[in-house]
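Take a look at the structure below.
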Amino acid sequence: MAVDALDPIRIGPYATNVVYQEDCIEGMKNIPDASVDLTIADPSHQDYEATISCAEPGISSTLTRRMLQTIKDMSRILTCGGSLALLKR
């Protein structure tokens, strides 16, 4: 089947080079396994600190679970040689 140069490449339900305004965590559930070369996350300070210091008393286990699940989901959609970038401001 010939691909028209004007037809967008699709990853799951998403066309490339299109901006979607939606919750990225929910949207990531629609992306097939091993289909993305790079994922980048810039979590809130609260999420990041809760994840890296989850052994400290008073840290919300809900935040830790949410951040760890996000990283797991990002890993799922990455290709074998893909990269995961986790930023911290």
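Remember, predicted model here, so these are calculated numbers, not experimental data. Scope of the values below: all heavy atoms of this structure, side chains included, with no hydrogens, waters or symmetry mates.
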Looking at every non-hydrogen atom in both residues, tell me the closest pair between Thr70 and Met28 and how far apart they are. O-CE, 4.2 Å

Give a yes or no on whether Ile9 and Leu78 share a hydrophobic cluster (residues Ile, Leu, Val, Met, Phe, Trp, Tyr; joining criterion: side-chain heavy atoms under 4.5 Å apart). no

side-chain contact (heavy atoms from CB on, under 4.5 Å) involving [X] - partner list, sequence neighbours excluded:
X     : answer
Ile40 : Leu38, Ala85, Leu87
Ser35 : Ile11, Ile31, Pro32
Ala34 : none

Donor-acceptor contact present, side-chain Tyr14 to main-chain Gly27, <3.5 Å: yes

Inter- and intrachain pairs under salt bridge (charged side-chain N to carboxylate O under 4.0 Å, His left out), touching residues 22-34, at least two apart: Glu26-Lys29, Asp33-Arg76

What residues, two or more places apart in sequence or in another chain, satisfy side-chain hydrogen bond (donor to acceptor under 3.5 Å, both in side chains) together with Thr79? Asp37

